[in-house]
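Here is the structure we will look at.
Whatever order the structure lists them in is the order used to number ligands and atoms, beginning at 1.
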Amino acid sequence: MVIKKICCIGAGYVGGPTCSVIALKCPDIEVTVVDKSSERIQQWNSNKLPIYEPGLYEVVLKCRDKNLFFSTNINKAITEADLIFISVNTPTKLNGNGKGRAADLKYVEGAARMIADIAQSNKIVVEKSTVPVKAAESILRILRANHKKGVKFQILSNPEFLSEGTAIDNLINADRVLIGGEESEGGQQAIKELSWVYEHWIPAEKIITTNTWSSELSKLAANAFLASRISNINSLSAVCEATGADISEVANAVGKDSRIGSKFLQASIGFGGSCFQKDILNLVYICECLNLPEVASYWQQVIDLNEYQKTRFTKKIVELLFNTVSDKKLAILGFAFKKDTGDTRESPAIYVAKTLLDEGAKLHIYDPKVEATQILDDLTHPSFTPDPEGVRKAIEIYDDPYQATAGTHAVVICTEWDEFIGLDYEEIYSNMMKPAFIFDGRKILNHDKLANIGFFVHTVGKQTVYKAVNGF
Ligand SMILES: NC(=O)C1=CN([C@@H]2O[C@H](COP(=O)(O)OP(=O)(O)OC[C@H]3O[C@@H](n4cnc5c(N)ncnc54)[C@H](O)[C@@H]3O)[C@@H](O)[C@H]2O)C=CC1
Ligand SMILES: O=C(O)[C@H]1O[C@H](OP(=O)(O)OP(=O)(O)OC[C@H]2O[C@@H](n3ccc(=O)[nH]c3=O)[C@H](O)[C@@H]2O)[C@H](O)[C@@H](O)[C@@H]1O
């Protein structure tokens with residue numbers, strides 16, 4: 001079979017950008033991205049896409065309504081497709097067995113059941129979502145138990161490695177594409193067909209093929225490795241703060257060893273995002289189910305250290321502000337979980353805001369890309385507070401960093417947006433309460449310069465900087 005039509009179930013952070021790039025690079029293939037959320041589909045078809053991702057809008061504009069379609073007509077897209085990506089969310093389970101750790105596969109199962117129900121011809125079904133090892137077995141059982149006479153399915157695992165904020169570049173210049181499938185003739189043929197799609201722009205030597213279970217596990221492993229590097233460096237940042245070593249100097253010296261490498265060694269207020277925590281918790285749960293408690297507790301440490309890092313940073317804010325932030329105004333600069341995205345899922349800024357609000361602070365929040373409604377939703381969600389009205393009264397959301405910081409006791413940098421580096425801190429200082437504090441949770445600012453202006457500066461992985469100004 002030559003792939004002529006692709007359907008992607010799930011128009012989210014992965015489905016949208018991935019299929020846009022496939023459409024861009026494969027003009028001979030018609031790609032339809034479907035979602036059960038008509039609001040999301042309507043946004044994909046508008047001039048304001050539902051997600052902010054550098055370069056995405058340009059790609060969508062080039063392909064939309066030519067060979068790229070966003071639709072709620074799931075039935076039609078599945079019926080016509082030769083190959084179907086399942087790119088739905090796989091959040092951590094909130095209830096029942098494995099609550100708080102296992103991946104909730106209800107959306108994947110829902111997608112599989114829809115495919116089984118609708119498909120009238122053979123399909124290659126591709127797990128794009130991040131799933132536990134052996135998930136393909138469950139999908140296949142659902143498909144094969146419900147298929148119509150004569151319809152055959154092949155399941156492939158093709159995990160996605162893009163990072164938000166750099167998704168388009170990651171997709172176009174992927175380090176590798178991983179495809180896992182059955183060792184049977186049918187499985188190998190399906191692998192070839194999906195490889196052919198990627199070979200439109202990815203060199204063949206970068207396309208790795210494995211068995212299905214290796215592919216599924218490699219995705220969890222890659223995220224666990226990446227997150228553990230952040231916990232490694234964050235653990236050492238605590239040692240730096242206690243000794244006078246500087247974590248940036250340590251990271252630079254350690255990272256120069258080519259066996260270690262310099263990437264992903266940026267100390268921070270802890271990693272956020274929708275996947276690191278959920279995927280490692282999922283790995284921990286899998287290990288427990290496999291009766292591998294030592295392995296489970298090894299990876300659990302990566303999460304525990306991340307919690308410790310978030311707590312450490314916020315405790316320090318309260319401690320340095322004379323042990324009370326009650327009724328003090330604090331500016332939170334950055335609410336997204338990293339720069340160049342409007343995504344706030346598991347953002348450390350949410351944790352910082354919660355602790356400060358619980359301590360009675362008033363927050364002025366500014367983020368260049370996160371919508372005010374999103375910030376409000378995050379901070380008034382029932383899982384965040386029992387008192388949404390109280391939170392609403394304690395926060396103000398700004399669309400200008402100078403207004404957000406005016407009249408505050410402290411500025412807290414939660415996201416490493418480039419624009420925060422170039423702000424006029426003399427002006428900011430002049431409009432703040434004194435003594436004026438900066439807590440740089442991302443290590444992006446010039447701390448000596450800030451101290452010279454008069455700021456009391458605390459950052460991660462370095463001793464607090466303060467230069468006596470006017471004799472104080
Ligand atoms: N966000 C990221 O950067 C990355 C995410 N992943 C994985 O990719 C998967 C998807 O993640 P995101 O795109 O971030 O999730 P998302 O939440 O942004 O998008 C998922 C979409 O699937 C839709 N959906 C769920 N069930 C459906 C159904 N039965 N029919 C139609 N639509 C349905 C939802 O309405 C939602 O729009 C997850 O497994 C995640 O772990 C993998 C790599 C990167
Ligand atoms: O499975 C996924 O969802 C994706 O998860 C991460 O991508 P993402 O979460 O989008 O972004 P990252 O750049 O990995 O950042 C995650 C968090 O770690 C933090 N981080 C990152 C790097 C670093 O050195 N220090 C650090 O604190 C970031 O600020 C952010 O809060 C992985 O990098 C992707 O390869 C993977 O596909």
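Looking at K219 against ligand 2, only its side chain comes within 4.0 Å, counting heavy atoms. Contacts between S129 and ligand 1 below 4.0 angstrom, taking non-hydrogen atoms only, involve backbone and side chain alike. Counting heavy atoms under 4.0 Å from ligand 2, residue K263 does not touch it at all. Both the backbone and the side chain of L162 come within 4.0 Å of ligand 1, counting heavy atoms alone. Proximity of L226 to ligand 2, defined as any heavy-atom pair under 4.0 Å, is confined to the side chain (atoms from C-beta onward). Using a 4.0 Å cut-off between heavy atoms, I9 contacts ligand 1 through its side chain alone, with no backbone atom that close. At a heavy-atom distance under 4.0 Å, only side-chain atoms of S274, from C-beta outward, approach ligand 1.
If you number the atoms of ligand 2 from 1 as listed, the ones under 4.0 Å from a heavy atom of E160 come out as 37 (O). Against a heavy-atom cut-off of under 4.0 Å, E164 is close to the following atoms of ligand 2: 10 (O). If you number the atoms of ligand 1 from 1 as listed, the ones under 4.0 Å from a heavy atom of K278 come out as 40 (C), 41 (O). Residue-ligand proximity, K219 to ligand 1, at heavy-atom distances under 4.0 Å covers atoms 43 (C). Under a 4.0 Å criterion applied to the non-hydrogen atoms of S268, ligand 2 contributes the atoms 26 (C), 27 (O). In summary, the atoms of ligand 1 found under 4.0 Å from a heavy atom of M114, numbered by their order in the structure, are 29 (N), 30 (N). The distance from ligand 2 to the heavy atoms of L265 drops below 4.0 Å at these ligand atoms: 24 (O). If you number the atoms of ligand 1 from 1 as listed, the ones under 4.0 Å from a heavy atom of G10 come out as 21 (C), 22 (O), 23 (C).
Here's the thing with E164: one of its N/O atoms is less than 3.5 angstrom from an N/O atom of ligand 1. When only interatomic distances are considered, the shortest N/O to N/O separation between K128 and ligand 1 does not fall below 3.5 Å. Among the atoms of E160, none of the N or O lies under 3.5 angstrom from an N or O of ligand 1. Residue-to-ligand polar distances keep F161 apart from ligand 1: every N/O pair is separated by 3.5 Å or more. For the pair F337 and ligand 2, the shortest N or O to N or O distance falls below 3.5 Å. By the 3.5 Å distance cut-off applied to N or O atoms, S163 is not counted among the residues near ligand 1. Where the criterion is an N or O separation shorter than 3.5 Å, residue side chain and backbone included, S87 fails it with respect to ligand 1. Polar contact check, R345 against ligand 1: a nitrogen or oxygen pair lies under 3.5 Å apart. Residue-to-ligand polar distances place T90 within reach of ligand 1: an N/O pair is separated by less than 3.5 Å. In terms of N/O distances under 3.5 Å, ligand 1 is not approached by S37.
Looking only at protein heavy atoms, the nearest one to atom 14 (O) of ligand 2 is F264 CZ, 3.1 Å. Closest to atom 7 (O) of ligand 2, if we only count protein heavy atoms, is S163 OG, 3.5 Å. Of the protein's non-hydrogen atoms, the one nearest atom 29 (O) of ligand 2 is R442 NH1, 2.6 Å. Considering only non-hydrogen protein atoms, atom 2 (C) of ligand 2 sits nearest to C275 CB, 3.4 Å. The protein heavy-atom contact nearest to atom 35 (O) of ligand 2 is F161 O, 2.8 Å. Protein heavy atom at the shortest distance from atom 24 (O) of ligand 2 is Q266 N, 2.9 Å. Among protein heavy atoms, atom 37 (O) of ligand 2 sits closest to L162 O, 2.7 Å. For atom 17 (C) of ligand 2, the closest non-hydrogen atom of the protein is G272 O, 3.5 Å.
Because its NZ or CZ atom is both nearer than 6.0 Å to the ring centre of F161 and within 45° of the ring axis, R176 counts as a cation-pi partner of that residue. Judged by the 6.0 Å distance and 45° axis criteria, K354 is positioned over the aromatic ring of F384.
Ring geometry for W201 against Y198 counts as tilted: the plane angle lies between 30° and 60°, on a 0 to 90° scale.
For F271 and F276, the ring centers sit closer than 6.0 Å to each other.
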Start with the C-alpha distance between K76 and E80, add both sets of side-chain angles, then the distance that settles salt bridge (Lys or Arg N to Asp or Glu O under 4.0 Å), and finish with yes or no.
CA-CA 6 Å; K76 176 170 184 280; E80 293 181 355; 3.7 Å; yes
E127 and K219: CA distance, side-chain angles, deciding distance, salt bridge (Lys or Arg N to Asp or Glu O under 4.0 Å) verdict:
CA-CA 11 Å; E127 281 175 350; K219 173 61 195 176; over 6 Å; no
Output, in order, the C-alpha distance, side-chain angles, deciding distance and verdict of salt bridge (Lys or Arg N to Asp or Glu O under 4.0 Å) for R312 and E241.
CA-CA 11 Å; R312 227 165 55 73; E241 286 163 39; 2.9 Å; yes
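Counting only N and O atoms by type, the side chains of K256 and N252 include a donor and acceptor under 3.5 Å apart. Side chains of D440 and H447: a donor on one and an acceptor on the other come within 3.5 Å.
Between the side chain of T355 and the backbone N or O of Y351 there is at least one donor-acceptor pair closer than 3.5 Å. Between the side chain of H364 and the backbone N or O of A404 there is at least one donor-acceptor pair closer than 3.5 Å. Checked by atom type and distance alone, the side chain of N67 pairs as donor or acceptor with a backbone atom of C26 at under 3.5 Å. T344 contributes no side-chain N or O that, together with a main-chain N or O of S347, makes up a donor-acceptor pair within less than 3.5 Å. A distance-only check finds no donor-acceptor pair linking the side chain of T385 to the backbone of T380 [under 3.5 Å]. Side chain of D104 to backbone of T92: no donor-acceptor contact under 3.5 angstrom is found.
Counting heavy atoms only, K338 comes closest to atom 15 (O) of ligand 2 of the residues K443, E416, K338, K339. In this structure, of F271, F276, F225, Y13, the residue bringing a heavy atom nearest to atom 6 (C) of ligand 2 is F276. The residue among I230, D279, N306 with a heavy atom at the shortest distance from atom 26 (C) of ligand 2 is I230. Between V88, V33, D35, it is V88 that holds the heavy atom closest to atom 10 (C) of ligand 1.
Here K62 does not pair with E58 in a salt bridge; the nearest charged N to carboxylate O distance is not below 4.0 Å. Ion pairing between a basic and an acidic side chain is recognised when a charged N comes within 4.0 Å of a carboxylate O; E416 and K339 show no such pairing. A salt bridge links D246 with K443; the closest basic N to acidic carboxylate O contact falls under 4.0 Å. Using a 4.0 Å cut-off between charged nitrogen and carboxylate oxygen, E419 and K369 do not count as a salt-bridge pair. Salt bridge status for E109 with R113: present, with a side-chain N to carboxylate O gap under 4.0 Å.
The side-chain hydrogen bond (donor to acceptor under 3.5 Å, both in side chains) with Q309 is formed by just one residue from the set S235, S268, S237; it is S237.
A 4.5 Å side-chain heavy-atom check between V34 and T72 finds every atom pair outside the cut-off.
Heavy-atom distances between G273 and ligand 2 stay at or above 4.0 Å for every pair. At least one heavy atom of N223 sits under 4.0 Å from some atom of ligand 2.
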